[in-house]
*Asks:* 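Dumping the structure here so I can ask a few things about it.
Remember, it's 1-based here, ligands and their atoms both numbered in the order they're listed. Position 1 is the first residue of the sequence, and the numbers go up from there.
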Amino acid sequence: MLLPQARISPAHADASPALPKFREPVPLPGAGIVVATPNGRNRYAFRQREIARQLHPYLPPTPLWAYDDGSGLGGQAGSFGMAVVAQSGTPLQVSFTHDLPATYPDWIPVDTRLTPLGNQVRLMTHLHGGFVAADSDGSPAVTPTGFGRGQTQTVSYVNQQPSSLLWFHDHGLGATRLNVFAGLAGAYILRDQYDTGMEPNPIGIPGDGYEIPLVVQDRQFNRDGTFLYPTSDIAGVTWIGEYFGDSMLVNGKVWPYLDVEPRMYRFRILNGCNARILSLDLGGLSLWQIGAEGGMWDRPVQVDKLVLAPAERADVLMDFSGLSGQTLVLRNNRPAAPVSTPAPALPAVMQIRVGTTVTQPGPTTIPDSLPGRAASLSNPVRTRYITLNELDVDEPTWFLNLNGVHFDEGPVTETPRVGTVEDWVYVNLTGDTHPMHTHLVTFQVVGRTPFDAAAYEEANEGAHGVPGGIDPTPFATGPMQPPAPEERGFKDTVKANPGFFTTIRAKFDLPTGVRAPQKYVHHCHILEHEDNDMMRPFTVVR
Ligand SMILES: [Cu+2]
């Protein structure tokens, strides 16, 4: 029996206009990315609204959806234009007011089978990686209809977690792929006493202008500059299985360049694509990864590439000190097996131009140790088996699911007790890699076990794939493989590769003062999959 191979939608669309590469500088915080200004002590008030920005010199201005901090966004150059800088231990009160159109414009093809209120634009901001109460999470399990035009979502981000790069993005039910595609995503940089962002700092890593966030997103354009999102050619269907653009944006600009000095830099890289899994390298230059989604590690790990699925982050040191006057290209390659993705190639990301002058020397060696953590949890009190299914590929009824049920079908089945450790096993029964993301918690990657997915499926097949709760261990075809070196620390998104079941381990704590029960979601972070319908609620219970 052949497993369904998730594939590119049969939708076809014209390619973007020809856009020569490396014509404009990458936007940076304070220089093209707006660093959010509070509107009171530890308070921010955002308004989601439509703006237009020229994302490449050959393109007319692109209409896009943005978070306006009240500044008017005159300092925003691209489509990923906002960063919040927060401090660990200091709670923030944040509001988001919907000031976008009440219904979707023509350039955003909504599939009204998947949305709670037809073609109404219903927004809800989620702090990705945030350790927050359920009613501040931006969770479709709590607020399935989101917020309509004129309404305000008010949240408390308590920041009871270590320094890390989080991001906030829209999470509207059945429309996350569209709202994020349209631009509703921003960076949330959490600092602490060690990771100050300044130079020098107690860790001995680059800071000031030598710490650079890089958000990579693929997009496609129409000739009038609007973003192009293809529609399905299946009758009655608008949704497509994955969105893959043919132009790469970094910090909201198409194929930009970055001027660097010949010294050490810190890059904080986020895969902000809807569906594309990136495998990034700099042509053999050594990369020293110091952290991932859950913050900094206990020591650096040397890697030669960064394989980042949507929503994964890498905190990386790179030393350009021996490359004075050279020009490098940050490249994206097809990820190696067992990662599997149907994405067409899109090899160029960004150019890096190394200058000849250092204005501030900064650190010259990679630190031996870091003030962070390796993930090491013990004593799981229970193991839950969660299946990943894909049904009816290329049919009008095409959808994906967890545990053989729709998002809101039946009772909540994942109910960890507050304060306990559990193992969750993502059993992939599809042909492709799914980046599985848990709200609330970060987790340890325990390992991946090869198994006979077809035999497991045949033995346990239900109406919509294999239901949850069935241990795949009897179908294992080899021992569990340990996590990759770059999965050393806590993560909030894990690649569940085909042919394997992937075990993660999390401690289901709640923020101080927040009492169980609290309801969250976990889902595939390929946004097209999340929207239809690879997402389930979970409840942290007393
Ligand atoms: Cu998926």
*Asks:* Please collect all salt bridge (charged side-chain N to carboxylate O under 4.0 Å, His left out) contacts where either partner lies in residues 471-485, sequence neighbours excluded, each pair once.
*Replies:* none
*Asks:* Answer yes or no: is there an ion pair linking E293 with K491, defined by an N-O contact shorter than 4.0 Å?
*Replies:* yes
*Asks:* For a quick test of reading the model, state the closest non-hydrogen atom pair linking M480 to T503 and the distance between them.
*Replies:* CE-OG1, 3.7 Å
*Asks:* Assess whether a salt bridge exists between D315 and R268, defined as any Lys/Arg side-chain N lying under 4.0 Å from an Asp/Glu carboxylate O.
*Replies:* yes
*Asks:* Could R417 and E422 be called an ion pair, given the rule that one side-chain N must be under 4.0 Å from one carboxylate O?
*Replies:* no
*Asks:* Closer than 2.8 Å to the Cu ion (ligand 1), how many protein N/O/S atoms do you count?
*Replies:* 3
*Asks:* Considering all heavy atoms of both residues, which atom of G129 and which atom of D492 are nearest to each other, and what is their separation?
*Replies:* CA-OD2, 3.4 Å
